[in-house]
There are 2 protein chains.
Amino acid sequence: MQQDRHADNQPTHAESGKKGHCHPEAGCFRLVPIFSSLSEEEMQFLATGAQTRQFSKGEVVFQAGQDPGLLFVVARGLVKVTRISASGREQVVRLLGPGDFYGELSLFLPQALAATGVALQDARVCLLARSHVRELLHRSPEASLKMLSALALRIMELETLAEQLAVHPVENRVAALLLKLAAARGDVAAPVPQGTVVELPLTQEEIAKLLGTSQETLSRKLHSLEDAGLIRLQGRRCVRLLDVNRLADRAEGL
Amino acid sequence: MQQDRHADNQPTHAESGKKGHCHPEAGCFRLVPIFSSLSEEEMQFLATGAQTRQFSKGEVVFQAGQDPGLLFVVARGLVKVTRISASGREQVVRLLGPGDFYGELSLFLPQALAATGVALQDARVCLLARSHVRELLHRSPEASLKMLSALALRIMELETLAEQLAVHPVENRVAALLLKLAAARGDVAAPVPQGTVVELPLTQEEIAKLLGTSQETLSRKLHSLEDAGLIRLQGRRCVRLLDVNRLADRAEGL
DNA sequence: GCGAGTTTATGACGGGGGTCATAGTTTAGG
DNA sequence: CCTAAACTATGACCCCCGTCATAAACTCGC
């Protein structure tokens, strides 16, 4: 089964013979915000308990119910974090892009992972040993504060998500997501230029689960936004934002 | 206006002449899990920038959009954390009981508070100076780790909330909430005895906002749970749990 | 204990959106 | 290419639940 692929955690072949511009072991989390302030020595220490793994699209990165004792840091690619309810329905609670991580709860508390991670694109993931990260957080107050910032930010995002799910109709959430994707494209806090083309990184099915809706509804809403002249669908998975202001109106928050 | 009441933060009268078993200043956050591991000296330091405030029912504890530079730690009572959308609708994103806190984002990032806090019961709240808390997290790795644990836990809870809002119908969420309240009553991880009586700490209106629904629907769902024999409503705001197992079935998670 | 205000209960109604079914479209593999 | 599989689009149906309206029950302050 796929899920024991990271149970036997011997240094994988992934770290040898990389063609990339990223060192197989130590290099990846260097890019990650939380660890960017570490000293060379600390980096080195972290690298000791780290490995880099490649996951191809569709592959399971981590599995709910397990406790692998690792922090998963996405270095490249995209990983969806989903919860599957007893009734079999799936809800994406989070998307991990480069720099994002998962597994913080089981870092600090003796808990199994509550969600499953699946690569949506080919991804490179740093697996950091829990014990090393803990040790590092002990040593480096800066790292702790960075980590705390990251978690606090996620709390706010999740509160926003909860608010949106409870209060706003699907169409607004679609608008909000498009703006968010556009904002992620342009640089931080840029005003989101009119006519930006956003590339949807996922299938409608996946996006729907992220927004807490169904593929059919998402398709309809995208088209109704197009009919309203706010966006223009071009090709399979590209959207041009025609009227950013009115989009923002619908989104109202997030 | 109420919201400047913590703008002028001179030591309030609340801290003099307390009758309680909690010292006016330093005593309160001693009970709080995040700070329980601090040394006497560190406690003392924290107390320097701290004050204790009493809030009576309905009073605003903190206000969205402000940045008071404080961490709010609830020592006693209950505070609801709500977001009010542009359309005027309100969503409770969190309940703060004793030991819970709010304001962590503005602790780490230069952000105003995203939500408003209102006391649902008379409450005692410790106001800790942001700078002192930061300093403390620098000094004490243990405190940092505790804080990280607390935030990580909240992330999981919020992910669960989001999942519930997106996937589960109201009746299930009601069931989940009742079980959660019952679990909070009995001691940690106790099996929740059959026939437990849960006291609802809020009006249906407030609970509804917490569950992302309306008062009317909540009322109906409570009664349908009663008809199904899972609970028994007794009096205005007490519920007896008759069939914990079937309740848990509906809750399925959280 | 009596009216005013709050909280809860209940019916009627309608819309948003989930599900099912199905058809059209891309993509990918042989 | 050409078929199979995956993805997207669209219609039909219907149910959950939000809203409005209103009544009942409870709570308080005089």
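Values reported hereafter were calculated over all heavy atoms of this structure, with side chains retained and with hydrogens, waters and symmetry mates removed. Quick note on labels: first sequence line is chain A, next is B, and so on, each numbered from 1.
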Chemist: Please list residues of residues 213-221 of chain B whose heavy atoms come under 4.0 Å from any atom in DNA chain C, ordered by number; otherwise none.
Modeler: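 B/Gln215, B/Glu216, B/Ser219, B/Arg220, in order of number.
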
Chemist: Quick one: how far along DNA chain D does chain A reach, first to last nucleotide 5' to 3', anything under 4.0 Å to a heavy atom?
Modeler: D/dC7 to D/dA12

Chemist: In degrees, rounded to 10°, what is the bend between the two ends of the helix from C/dG1-D/dC30 to C/dG30-D/dC1, using five pairs at each?
Modeler: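 Result, rounded to 10 degrees: 50°.
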
Chemist: Is B/Val61 close to B/Val118 at the side-chain level, that is, under 4.5 Å between some pair of heavy atoms?
Modeler: no

Chemist: Any carboxylate oxygen within less than 4.0 angstrom of a Lys/Arg side-chain nitrogen, looking at B/Arg94 and A/Glu159?
Modeler: no

Chemist: Restricting to ring pair (Phe, Tyr, Trp, His ring centres under 6.0 Å), what partner residues turn up for B/Phe101, sequence neighbours left out?
Modeler: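 If we apply the ring pair (Phe, Tyr, Trp, His ring centres under 6.0 Å) test to B/Phe101, skipping adjacent residues, there are no hits.
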
Chemist: List the steps and the verdict of side chain to side chain contact (heavy atoms under 4.5 Å, CB included) for B/Leu222 and B/Val174.
Modeler: CA-CA 8 Å; B/Leu222 282 172; B/Val174 176; 3.8 Å; yes

Chemist: Can you find a heavy atom in the side chain of A/Ile155 that is under 4.5 Å from one in the side chain of B/Ile155?
Modeler: yes

Chemist: Using the test side chain to side chain contact (heavy atoms under 4.5 Å, CB included), find all partners of A/Ala228 that sit at least two apart in sequence or belong to another chain.
Modeler: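 A/Ala228 satisfies side chain to side chain contact (heavy atoms under 4.5 Å, CB included) with A/Leu230, A/Arg250 only.
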
Chemist: Scan B/Gly212 against the nucleic acid and name what it touches under 4.0 Å (heavy atoms): base, sugar-phosphate only, or nothing.
Modeler: sugar-phosphate

Chemist: Write out all pairs satisfying salt bridge (Lys or Arg N to Asp or Glu O under 4.0 Å) with one or both partners inside residues 235-246 of chain A, taking only residues at least two apart or from two chains.
Modeler: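 Residue pairs with at least one partner in residues 235-246 of chain A: A/Asp243-A/Arg246.
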
Chemist: Any idea how A/Tyr102 and A/Phe62 line up, ring-wise: parallel (<30°), tilted (30 to 60°), or perpendicular (>60°)?
Modeler: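 A/Tyr102 vs A/Phe62 ring planes: parallel.
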
Chemist: Taking heavy atoms of chain B and a 4.0 Å limit, find me the 5'-most and 3'-most nucleotide of DNA chain C within that range.
Modeler: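 So the outermost contacting nucleotides come out as C/dT7 to C/dA12.
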
Chemist: Name every donor-acceptor pair, under 3.5 Å, that has one atom in a side chain of residues 201-208 of chain B and the other anywhere in the protein, sequence neighbours excluded.
Modeler:
{"unit_1": "B/Thr203", "atom_1": "OG1", "unit_2": "B/Glu205", "atom_2": "N", "d": "3.4"}
{"unit_1": "B/Thr203", "atom_1": "OG1", "unit_2": "B/Glu206", "atom_2": "N", "d": "3.2"}
{"unit_1": "B/Gln204", "atom_1": "OE1", "unit_2": "B/Gln215", "atom_2": "NE2", "d": "3.1"}
{"unit_1": "B/Glu206", "atom_1": "OE1", "unit_2": "B/Lys80", "atom_2": "NZ", "d": "2.9"}
{"unit_1": "B/Glu206", "atom_1": "OE2", "unit_2": "B/Lys80", "atom_2": "NZ", "d": "3.0"}

Chemist: With sequence neighbours left out, write down each residue that passes salt bridge (Lys or Arg N to Asp or Glu O under 4.0 Å) with B/Glu216, or none if nothing qualifies.
Modeler: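 Salt bridge (Lys or Arg N to Asp or Glu O under 4.0 Å) list for B/Glu216, sorted by chain: empty.
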
Chemist: DNA chain C: A/His168 or B/Leu222, which has the more 5' nearest nucleotide?
Modeler: B/Leu222

Chemist: Would you please name every residue forming a side chain to side chain contact (heavy atoms under 4.5 Å, CB included) with B/Ser106, sequence neighbours left out?
Modeler: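 By the side chain to side chain contact (heavy atoms under 4.5 Å, CB included) rule, B/Ser106 matches B/Asp67, B/Leu113, B/Arg130.
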
Chemist: Salt bridge (Lys or Arg N to Asp or Glu O under 4.0 Å): which pairs involve residues 218-232 of chain B, sequence neighbours left out?
Modeler: B/Glu226-B/Arg232

Chemist: Mind checking side chain to side chain donor-acceptor pair (under 3.5 Å) for A/Thr217 and listing every partner two or more places apart, or none if nothing turns up?
Modeler: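 In terms of side chain to side chain donor-acceptor pair (under 3.5 Å), with neighbours along the sequence ignored, A/Thr217 is linked to A/Ser214.
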
